[in-house]
Amino acid sequence: MNPGSHFAPPEASTIAPWVDGLLAYLTIASFLTTLLVAALVVVFLIRYRQRPNRHARQIRGSLPLEIGWTIAPLIVMLTFFFAGASVYSRYQRPPQGAMDVYVVAKQWMWTLQHPQGPREKDALHVPMGTPVRLIMTSEDVVHSFFAPAFRIKQDVLPNRTTQTWFEATEPGRYRLYCAEYCGTSHSNMKGWITVMEPQEFQAWLEDAGQGPSMAAAGEKLFQQLGCAQCHAGTCPPLGGLFGSSVPLEDGSLVTADIDYLRNSILNPQAQIVAGYPPQMPTFKGQVTESELQQLIAYIRSLSEQGAAGSSQAPPSGVRSDIEEGVR
Ligand code: CUA
């Protein structure tokens with residue numbers, strides 16, 4: 001498709017032409033405005049230059065003029081707003097059935113894990129023509145996931161989950177960068193995203209899929225950390241929890257999304273479920289961000305079994321809840 005130029009990398013995602021179109025529109029509109037102002041400066045310089053016995057006619061306000069120069073820029077600015085908002089909302093909302101990839105940023109490396117199990121370092125393999133949603137968090141400082149060819153850039157923050165998505169349109173290898181200064185080796189925090197034909201990707205996934213799935217790894221952790229003993233007994237049950245509304249002790253309701261689960265594991269006293277004693281210890285320092293993602297993948301899988309028939313595709317009801325929770 002677009003091979004890229006000196007000015008921009010190739011357009012390799014569905015959103016890229018929209019971002020480039022918006023940028024072109026803003027650039028052209030700014031250029032035309034500059035041209036108009038510059039031309040008027042020149043015209044007025046000549047037309048109203050000082051001449052003997054000529055004096056400008058003074059006017060004291062003009063309603064039509066004032067309305068004109070208020071309304072015209074307003075309309076132009078509103079087109080900026082609507083064009084920008086339309087691209088932004090497309091960019092912020094992953095389509096239904098997107099493929100998830102869990103991302104952990106750490107000084108100075110990207111770790112990306114597929115729910116099926118394969119984990120990649122500074123590399124990501126994805127199929128062409130499938131929306132890919134990145135569920136991201138940081139082990140330490142603020143990083144930023146930047147894939148110029150896909151026109152996506154999203155901050156990755158510690159103690160929080162952020163997301164972004166893209167759908168690749170052309171097979172190939174594309175650059176991944178960290179776009180937030182994160183310490184000495186920030187400039188080395190980069191990698192490659194490989195876009196493959198769907199069948200090729202399936203083969204790659206099967207080849208790479210040695211280890212357990214994220215949900216299976218999470219289940220193992222769940223046993224090892226002793227979560228199972230309590231959550232089978234006196235603690236809130238976890239089956240069907242993900243995406244549901246949880247009544248809290250203070251009478252409020254909270255959606256059991258990724259951030260809620262994360263917070264409940266690290267900071268269990270913060271949101272006490274109504275009707276249960278506040279007896280859960282914190283697991284802060286005992287689990288890494290990757291392990292947390294596995295635990296969350298496991299808890300998610302408890303809500304997805306039977307609902308969607310596949311452990312990868314969350315049922316539609318769950319999706320919107322995840323999105324609300326992922327900022
Ligand atoms: Cu990570 Cu810059």
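Ligands are counted one by one from 1 in listed order, and the atoms in each one are counted from 1 as well.
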Checklist entry - Is there a donor in the side chain of Thr255 and an acceptor in the side chain of Asp257, or the other way round, less than 3.5 Å apart? => result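 Not at all, the side chains of Thr255 and Asp257 share no donor-acceptor pair under 3.5 Å.
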Item to check | Atom of Glu180 nearest atom 2 (Cu) of ligand 1 (restricted to N/O/S, atom name only) | outcome: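 Going by distance to atom 2 (Cu) of ligand 1, the closest N, O or S atom in Glu180 is O.
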Item to check | Considering only N, O or S atoms of His186, the one closest to atom 2 (Cu) of ligand 1 | outcome: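 Restricting His186 to its N, O and S atoms, the minimum distance to atom 2 (Cu) of ligand 1 goes to ND1.
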Checklist entry - Taking 4.0 angstrom as the limit, do Asp122 and Lys190 come out as a salt bridge? => result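 Result for this pair is no, no salt bridge flagged.
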Checklist entry - Taking both backbone and side chain into account, is any N, O or S atom of Gln107 nearer than 2.8 Å to atom 1 (Cu) of ligand 1? => result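 So Gln107 does not bind atom 1 (Cu) of ligand 1 by this criterion.
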Checklist entry - Any N/O/S atom, backbone or side chain, of His143 lying under 2.8 Å from atom 2 (Cu) of ligand 1? => result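 Checking His143: none of its N, O or S atoms is under 2.8 Å.
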Next on the checklist: Working to 10°, measure the angle at atom 1 (Cu) of ligand 1 formed by atom SG of Cys182 and atom SG of Cys178.
Outcome noted: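 Value, to the nearest 10 degrees: 110°.
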Next on the checklist: With salt bridge (Lys or Arg N to Asp or Glu O under 4.0 Å) as the criterion, how do Arg133 and Asp100 come out once you've worked through the C-alpha distance, each side chain's angles and the decisive distance to 0.1 Å?
Outcome noted: CA-CA 5 Å; Arg133 181 168 62 140; Asp100 284 341; 2.9 Å; yes
Item to check | Exercise: identify the closest heavy-atom pair between Ala256 and Val246 | outcome: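 Shortest heavy-atom separation between Ala256 and Val246 comes out as CB-CG2, 3.9 Å.
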Item to check | Check: Phe166 and Ile15 side chains under 4.5 Å, non-hydrogen atoms | outcome: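 The answer is no, as the side chains (C-beta and beyond) never meet within the 4.5 Å cut-off.
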